[in-house]
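This report concerns only the one structure given below.
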Amino acid sequence: MIWKDTTYTGWGRALAAKGGLARPERQAALASLLADGLLPAIGNRRSYGDAALNTDGRAIDMTRLDRFLSFDTESGVLEVEAGAMIGDIAQRFAPLGWLPAVMPGTGFATVGGCIAQDVHGKNHHHMGSFCQHVISIRIRTHKGVQEAGPEKNADLFRATAGGLGQTGVILYAKLQLIPCKGDVMVVTERRIAGWEDFLAHLDRSEATYTVGWIDATATGASLGRGILEEGETGAGLVPKRIRYRKVPFEAPHFALSAPIVRAFNQLYYRRVPASGRTVVKPISDFFFPLDKIHDWNRLYGKRGFHQFQCVVPIASAPALREMMEKIATSGLASPLAVLKRMGPGRAGHLSFPMEGYTLAVDFPNRAEARELIGRLEGMTVSAGGRLYFAKDALAGPESMAAMYPELSQWRKQVTKADPEGRLATDMVRRLKLRDEA
């Protein structure tokens with residue numbers, strides 16, 4: 001297997017690493033790479049920050065280990081290699097009446113990455129997190145290949161779910177898919193006038209899938225206005241065909257200036273009639289709306305971007321509103337801002353979800369934006385919330401134990417699975433996640 005020295009980034013492109021990458025195509029080649037000890041495994045690097053970076057070290061690109069191994073048409077149990085992409089699973093099995101139980105915002109996320117981050121989706125309030133629907137995994141720790149799941153080897157599984165790849169290299173996973181009516185979505189869209197109204201609609205929504213786009217530039221009485229989308233799977237319908245586009249160049253610095261973002265957001269808000277509407281979309285267009293614009297991260301230019309995503313308890317909704325006010329008056333936000341209601345479901349010690357509200361906002365990589373994100377992080381801790389490792393690139397280690405109270409239990413299992421610390425990545429080192437206080 002050939003190691004290739006390269007410079008690579010996370011999806012936000014604000015942080016980079018230089019080191020050796022190898023891309024095995026068979027399990028035998030992967031086993032050979034791991035013969036001398038564990039190495040970090042990465043997928044399509046759709047985490048925005050440095051979760052999948054290993055500066056001056058080596059990492060294994062798992063994306064060619066993407067085979068579907070077996071599928072039970074009666075139970076909906078699918079076994080796949082860790083490099084299989086969520087979008088490919090949805091495309092293959094939705095026409096057969098099955099979908100991944102939980103899907104993140106991009107279909108390019110690999111199964112291994114979804115486990116490592118215990119991702120959530122637009123149905124978290126009903127279905128919980130990704131790893132709650134993982135029946136079992138096969139994982140290579142320093143002791144060899146082990147099987148783990150919610151019942152068998154449960155301590156290892158709980159440390160692996162949302163564990164940032166620090167317990168070993170995931171080889172295979174058995175997933176419990178859920179029934180769906182077909183491969184299209186019937187989506188109801190409606191304008192929401194402001195923040196309190198938005199939270200109220202999220203609280204009482206009975207739709208299977210729910211997500212809100214927020215105008216992160218609106219202030220005053222319009223603070224928190226946006227569009228609520230509620231979706232259900234459908235069949236026998238012909239949606240409008242989606243054209244896929246590619247960003248051909250780095251966007252100039254002024255492309256996401258405050259006046260342009262405000263103008264775009266006003267137009268986007270008004271794209272939905274005041275009376276609302278119901279539309280039919282391909283499944284991929286609803287679950288992975290930005291995937292149809294390949295390399296959309298280039299819209300932020302060469303310096304890249306940061307995303308701030310937090311979740312706070314229901315009782316801390318006023319604190320989240322205060323964060324929204326700071327964002328809206330900063331003039332720094334991009335058009336990409338999302339608000340969702342979360343349930344309590346989580347599978348791992350470091351899983352992000354908690355029952356409450358999650359807000360995600362993108363910012364171009366500028367000094368003022370980094371300073372604002374720092375203030376927002378402090379407000380999140382004070383509100384009893386936490387940051388999402390899949391999106392973070394800026395936080396420090398000081399508040400990790402407060403945000404993730406099961407951190408010490410996770411460390412114990414990680415030490416057993418990888419006592420030499422060979423799986424540590426840039427994020428793990430930056431946040432000192434494996435260091436005892």
Side-chain angles (χ1 to χ4, degrees), residues 73 76 78 85-109 119-130 133 175-193 197-215 225-245 267-293 335-343 345 357-358 360:
T73 57
L78 171 68
M85 293 191 296
I86 292 298
D88 287 348
I89 295 173
Q91 183 179 27
R92 170 80 173 273
F93 293 101
L96 304 178
W98 298 94
L99 273 180
V102 172
M103 291 189 282
T106 174
F108 293 110
V119 299
H120 58 276
K122 297 175 176 66
N123 60 346
H124 185 270
H125 53 306
H126 292 310
M127 297 299 292
S129 64
F130 186 87
H133 306 276
L175 311 178
Q176 178 63 65
L177 305 191
I178 59 173
C180 67
K181 296 177 181 177
D183 58 354
V184 299
M185 295 296 297
V186 181
V187 183
T188 299
E189 302 174 322
R190 69 185 76 188
R191 291 187 197 173
I192 306 296
D197 196 23
F198 221 133
L199 295 191
H201 273 83
L202 289 172
D203 286 344
R204 62 174 177 260
S205 176
E206 297 181 356
T208 302
Y209 300 98
T210 307
V211 64
W213 169 82
I214 292 283
D215 180 354
R225 72 176 181 180
I227 297 169
L228 178 68
E229 295 187 3
E230 297 174 293
E232 305 289 345
T233 57
L237 302 165
V238 181
K240 180 180 178 181
R241 185 171 180 175
I242 300 301
R243 295 183 63 190
Y244 289 83
R245 302 181 183 275
L267 292 172
Y268 193 80
Y269 178 70
R270 290 182 173 84
R271 74 178 178 85
V272 173
S275 58
R277 66 183 181 187
T278 298
V279 297
V280 178
K281 299 182 178 183
I283 273 185
S284 60
D285 192 35
F286 177 73
F287 288 106
F288 321 125
L290 290 174
D291 283 359
K292 61 187 177 183
I293 308 174
L336 301 178
V338 175
L339 180 68
K340 288 184 288 195
R341 177 72 154 81
M342 304 193 86
Y357 306 102
T358 178

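- Considering CG of D183 and CE of M185, their distance stands at 11.0 Å, rounded to 0.5 Å.
- For the pair R277 (side chain) and V272 (backbone), a donor-acceptor distance under 3.5 Å is absent.
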| request: For the pair V184 and F286, evaluate side-chain contact (heavy atoms from CB on, under 4.5 Å) and give the outcome as yes or no after the intermediate values. | output: CA-CA 9 Å; V184 299; F286 177 73; over 6 Å; no

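- In this structure, CG on D285 lies 10.0 Å from CG on L290, to the nearest 0.5 angstrom.
- Listed for the W213 side chain is no donor-acceptor partner under 3.5 Å among the backbone atoms of Y269.
- Side-chain contact between Y209 and V187 is absent, with no heavy-atom pair separated by less than 4.5 Å.
- Atom-to-atom distance recorded for L78:CG and T73:OG1 is 12.0 Å, nearest 0.5 angstrom.
- Checking side-chain atoms of H126 against main-chain N and O of A207 turns up a donor-acceptor pair under 3.5 Å.
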Table please: side-chain donor-acceptor pairs of residues 86-109 below 3.5 Å, with sequence neighbours left out.
unit_1, atom_1, unit_2, atom_2, d
T106, OG1, F108, N, 3.1
T106, OG1, D291, OD1, 3.0
T106, OG1, D291, OD2, 3.4

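- When each of R225, R271, R270 is tested with D215 by the rule salt bridge (Lys or Arg N to Asp or Glu O under 4.0 Å), just one qualifies, namely R225.
- Partner T210 forms a side-chain contact (heavy atoms from CB on, under 4.5 Å) with one of H125, K340, E229, K122 and no other, that one being H125.
- In this structure, the side chains of H124 and T358 stay at 4.5 Å or more apart for every pair of heavy atoms.
- T233 places a side-chain N or O within donor-acceptor distance of the main-chain N or O of K181, the cut-off being under 3.5 Å.
- R341 pairs by the side-chain hydrogen bond (donor to acceptor under 3.5 Å, both in side chains) definition with D203, not counting sequence neighbours.
- Under the salt bridge (Lys or Arg N to Asp or Glu O under 4.0 Å) criterion, E230 pairs with R190, sequence neighbours left out.
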